[in-house]
Amino acid sequence: MTKGIRLLLAAVALALGAGTALAAVTAPSAASASLVDPTTAPESGGDPSPTESNPFMDDPTPTESESPKEEPTSTATPTRKPTATPKASAKPSATPKPSATPKRSATPKARPTPTGGPDPETSEVPDADPVPLEDAVMADDETLKAGVMSAVDAEAQALLVDVEDQRIVQVRAALTALMQAGGVAAAQRKRPQVFVSAHGRTLVLPARSTSAPYTVKDLAAVENGRYLRKLKDGSYLLGVHVYVADGATLELRGPLTLRMGSLPGSFSSIIAFGGDIKIKGTAKQPVQITSWDVRTRKSDLTTTDGRAYIRAVGGNFEMEYARVSHLGFWSGRTGGIALTGTERPASVYRHRTKEQRHRDKRERLADVGTDRGGNNFGDVETSPIGPGTATHVLADELVSGSIQNSVITGAAYGLFVSGSNQTRIIGNRIVGSLVHGVFMHRFAKNAVIDGTKVIGSGGDGFVLSRATEKVRITRCVAERNGRNGFTLNGRALAQGPSASGESLAVYGDSSVNDSVARDNGRYGIEVLGGTRLAVHTSEVVGGDMGIVVRGGASGVQISGNRLANQRRQAIALRDGATGAHVAGNTITGTLTGIYLRGSNGRIVGNQITTLPKPNAHGITVIGAAGDTEITRNTVVGAGTSAISVARADGKVNKHNNDEERWRDTSSFWVKARRYVKPMNLIWAGVILLVIVSALRSRAAVERQRSRNGIHNPYDLQRAMEQRPVMELRPATAHEPGRAARDQNGWHRQSSLPAHVVPTSTAGGRA
């Protein structure tokens with residue numbers, strides 16, 4: 001009991017403001033990072049405090065021309081250090097370099113294409129692939145480490161992310177303790193209030209007794225506009241962190257322009273932990289949200305010192321017809337707009353009607369004296385503490401959400417989603433993200449991504465990371481992104497026993513359908529591991545390779561796609577891909593149409609037209625490719641061979657392919673080496689021996705004829721000799737020496753000489 005009272009008193013002290021303002025992480029002055037009263041009175045009136053100043057509120061009122069715009073064409077350079085975001089052509093590095101950080105314009109730039117084509121003789125063997133960005137430079141929390149960045153800036157941003165995590169945990173713990181205490185104190189806490197800690201001020205929006213949502217007017221009414229100020233142009237300037245508690249709803253409706261204050265080490269945020277956020281605009285009157293540097297009166301383009309962001313933890317997030325620009329920094333959960341659920345059950349409040357609350361109270365009073373606990377604030381205790389009306393229960397905090405018909409520009413991550421179920425991302429446009437455009441992280445499942453365009457991201461356009469499953473991408477466009485257009489990663493979270501005890505199961509059942517990947521820096525679509533992943537009826541234009549399947553992926557289906565103008569292979573199955581089905585694809589303008597290395601599958605009914613360049617193949621098979629079937633493909637082009645299986649190990653069934661329009665450009669010696677094999681040499685020797693023997697025999701006969709001339713064939717024959725016929729007579733019984741009859745009546749020749757009577761008869765008969 002004493003421990004519970006101490007915890008309750010500490011939480012009350014935290015909520016009442018017994019702390020300091022947010023300490024500046026990257027700036028030495030704490031005053032520059034504090035979030036306090038404005039010196040200029042808000043439009044709604046009120047008496048500002050003369051002792052404190054809010055840096056977010058001290059800027060001159062912006063003009064209408066400075067309001068956030070949809071087009072990310074601003075190239076204004078902030079007065080601070082250059083941004084730590086990657087250049088389009090920069091390669092990710094696992095170790096931050098202590099070099100000057102490059103400056104990135106919000107306008108996406110086309111990625112440079114390498115000069116000079118690959119060597120035709122070695123073009124079939126891909127170069128060593130760079131380590132995937134997720135594995136090489138990103139921690140489990142998907143920190144933003146892409147690009148060139150100094151070690152100091154990287155450490156500062158990581159520290160800011162830790163501070164944000166601690167602040168959220170403290171606010172949630174304090175509010176949970178206060179609400180569990182129940183009684184009058186809990187009832188008084190069901191209104192907007194400010195919690196202060198060493199990690200900054202947070203405007204908390206607890207659950208109301210009614211279902212009415214919080215609005216901009218409610219935020220502006222807190223302490224007479226101390227934390228949300230309405231400017232002369234009608235926009236609002238937010239100068240504090242906002243926390244939407246479980247059971248509460250924050251609703252931002254258009255027409256609305258919200259500028260979220262963002263200074264070095266001090267920025268604003270909107271976070272819902274179990275609560276709901278609804279951002280609702282219309283096509284003609286969208287909600288506009290941007291980070292805002294009050295010193296430059298422009299959007300904050302620097303991420304090294306933190307930047308404003310929006311995040312929903314659990315609960316529900318809805319955004320429709322919004323224009324959001326330049327939010328987020330460093331990690332996925334602080335990357336701009338983030339929908340994150342917890343990976344385990346957590347405690348939430350269950351809010352009940354008045355009648356239900358009275359019934360609960362009667363039950364609690366009736367149970368007084370029974371052993372039901374009530375002294376803990378943890379997830380195990382489900383009974384309320386004291387006579388209050390809140391009930392502490394377990395719940396699975398998976399986030400769900402819907403983002404539709406919105407434009408997001410210049411964010412760290414355009415959209416970051418993890419721990420979610422049935423999230424819908426439809427009809428959006430995401431431009432110039434510093435890392436990835438749409439990132440589906442761990443345990444995001446049953447999501448629908450439709451009609452969304454991602455253009456000019458520093459990393460990938462769309463990413464389905466490990467532990468995502470049943471995500472369907474349809475009618476989407478990934479264009480001019482720094483790495484892949486689409487990445488589908490179905491690999492297991494661990495390869496063996498791990499400290500976190502992750503499962504070794506692979507993930508899958510996701511697909512890309514009717515989509516376009518155009519002119520991306522690396523691959524159009526990459527499939528890493530997993531099972532039952534699919535790419536159907538999509539178009540891939542340009543890039544180093546078109547569709548790449550690797551990492552032990554199994555059962556991948558690639559069908560009905562159109563691929564054109566890849567620098568190396570259009571479709572590549574590599575490094576242990578098994579059971580792939582590649583059928584009905586149309587490939588044009590590539591060096592090698594379909595490439596298999598150490599993989600197997602069925603290659604059926606594809607139309608392949610390669611570049612008119614020698615020393616290449618329409619289909620190439622290398623290494624272990626047992627049980628591969630290549631049939632009914634049409635291969636057009638020029639090169640050493642249409643279908644090359646000479647370097648394949650195992651049985652490759654190649655039949656019924658149309659190679660009539662393939663022009664063989666191999667040299668004589670190449671053709672000779674193609675047929676010079678041990679068995680061919682043995683059979684050739686046998687045949688040659690037979691031919692030589694036949695020729696020599698014929699030559700001997702011809703020589704004999706030429707030497708002796710032509711003769712009668714019967715000249716050498718002799719007439720048969722005619723001799724007298726010898727007549728044998730039988731001997732009588734009394735004549736000695738005669739043959740005696742045996743018991744069968746036959747004569748037996750005597751040992752004595754018989755009387756022979758020679759008789760001459762015609763025909764030599766006797």
Side-chain angles (χ1 to χ4, degrees), residues 62-74 106-108 213-217 219 228 230-231 233-238 249-260 270 272 276-292 299 308-312 316-328 336-339 400-411 413-417 422-433 437-438 447-457 461-462 472-479 514-516:
T63 61
E64 292 292 339
S65 60
E66 295 170 351
S67 60
K69 297 180 181 180
E70 174 184 357
E71 297 298 329
T73 56
S74 173
T107 304
Y214 291 97
T215 64
V216 171
K217 292 183 179 180
L219 302 183
L228 183 68
K230 186 175 182 180
L231 305 178
D233 63 351
S235 63
Y236 287 86
L237 180 61
L238 179 65
T249 301
L250 175 62
E251 190 172 275
L252 304 176
R253 286 196 171 271
L256 171 66
T257 298
L258 178 63
R259 308 175 193 273
M260 300 179 66
I270 299 176
D276 298 341
I277 297 177
K278 297 182 179 180
I279 303 173
K280 300 287 187 178
T282 63
K284 294 183 178 180
Q285 295 179 333
V287 176
Q288 301 188 59
I289 302 176
T290 185
S291 61
W292 194 252
S299 297
Y309 68 96
I310 299 174
R311 180 185 178 188
N316 185 60
F317 180 90
E318 297 180 12
M319 185 171 74
E320 186 173 6
Y321 289 109
R323 296 179 181 178
V324 182
S325 64
H326 303 102
L327 296 182
I337 296 179
L339 280 65
S400 63
S402 174
I403 299 95
Q404 301 185 43
N405 304 316
S406 298
V407 179
I408 303 173
T409 59
Y413 287 79
L415 288 172
F416 180 87
V417 181
Q422 297 181 347
T423 299
R424 296 168 58 84
I425 303 173
I426 300 175
N428 303 287
R429 180 182 175 88
I430 302 173
V431 181
S433 300
V438 176
V448 175
I449 306 175
D450 181 71
T452 296
K453 295 182 179 180
V454 177
I455 302 173
S457 296
F462 297 82
R472 183 177 177 86
I473 301 176
T474 58
R475 300 186 303 162
C476 291
V477 177
E479 184 174 355
D514 304 321
S515 298
V516 177

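Rounded to the nearest 0.5 angstrom, Tyr413 OH and Ser457 OG are separated by 11.0 Å. Within the model, atoms CD1 of Ile430 and CD1 of Ile337 stand 8.5 Å from one another, a figure rounded to the nearest 0.5 Å. A distance of 6.0 Å separates CZ of Arg424 from CD of Gln404, quoted to the nearest 0.5 Å. Atom CG in Asn316 sits 11.0 Å away from atom CD in Gln422 (nearest 0.5 Å). For the atom pair CG of Leu415 and OG of Ser433, the computed distance is 8.0 Å after rounding to the nearest 0.5 Å. Taken from CZ in Phe317 to OG in Ser402, the straight-line distance is 9.5 Å, to the nearest 0.5 Å.
The nearest pair of heavy atoms linking Ile425 to Thr452 is O-OG1, 3.5 Å. Scanning both residues, Ile403 and Asn428, for their nearest heavy atoms gives O-ND2, 2.8 Å. Heavy atoms only, all atoms of each residue included: Ile277 and Arg311 are closest at CD1-O, 4.0 Å. Nearest heavy atoms, Pro255 versus Gln285: CD-OE1, 3.4 Å. Residues Thr423 and Leu339 share a closest heavy-atom pair of CG2-CD2, 4.3 Å. Closest approach of Phe462 and Cys476 over heavy atoms only: CZ-CB, 3.7 Å.
Residues Arg259 and Ser235 form a side-chain contact, since some pair of their non-hydrogen atoms from C-beta on lies under 4.5 Å apart. In this structure the side chain of Leu250 reaches within 4.5 angstrom of the side chain of Leu219, judged on heavy atoms. Counting only heavy atoms from C-beta outward, the side chains of Asn405 and Ile426 never approach each other to under 4.5 Å. A 4.5 Å side-chain heavy-atom check between Thr249 and Lys278 finds at least one atom pair inside the cut-off. Side-chain contact check for Ile289 versus Met260: some heavy-atom pair is nearer than 4.5 Å. Looking at heavy atoms from C-beta onward, Val324 lies out of side-chain contact with Ile279 at the 4.5 angstrom threshold.
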**Request:** Before giving the answer on side chain to side chain contact (heavy atoms under 4.5 Å, CB included), spell out for Leu228 and Leu258 the whole-Å C-alpha distance, their side-chain angles and the decisive distance to 0.1 Å.
**Result:** CA-CA 10 Å; Leu228 183 68; Leu258 178 63; 4.0 Å; yes
**Item:** Worked verdict on Leu231 versus Thr257 for side chain to side chain contact (heavy atoms under 4.5 Å, CB included)
**Value:** CA-CA 10 Å; Leu231 305 178; Thr257 298; over 6 Å; no
**Message:** Determine whether Ile455 and Arg429 satisfy the following criterion, side chain to side chain contact (heavy atoms under 4.5 Å, CB included), listing intermediate values before the conclusion.
**Reply:** CA-CA 8 Å; Ile455 302 173; Arg429 180 182 175 88; 3.7 Å; yes
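Ion pairing of Lys280 with Glu251 is absent here, as no side-chain N (NZ or NE/NH1/NH2) approaches a carboxylate O to less than 4.0 Å. Ion pairing of Asp514 with Arg475 is absent here, as no side-chain N (NZ or NE/NH1/NH2) approaches a carboxylate O to less than 4.0 Å.
Under the 3.5 Å distance criterion, the side-chain polar atoms of Ser291 are matched with a main-chain donor or acceptor of His326. A donor-acceptor contact shorter than 3.5 Å links the side chain of Ser406 to the backbone of Ala322.
Residues forming a salt bridge (Lys or Arg N to Asp or Glu O under 4.0 Å) with Arg472 (at least two apart in sequence, or on another chain): none.
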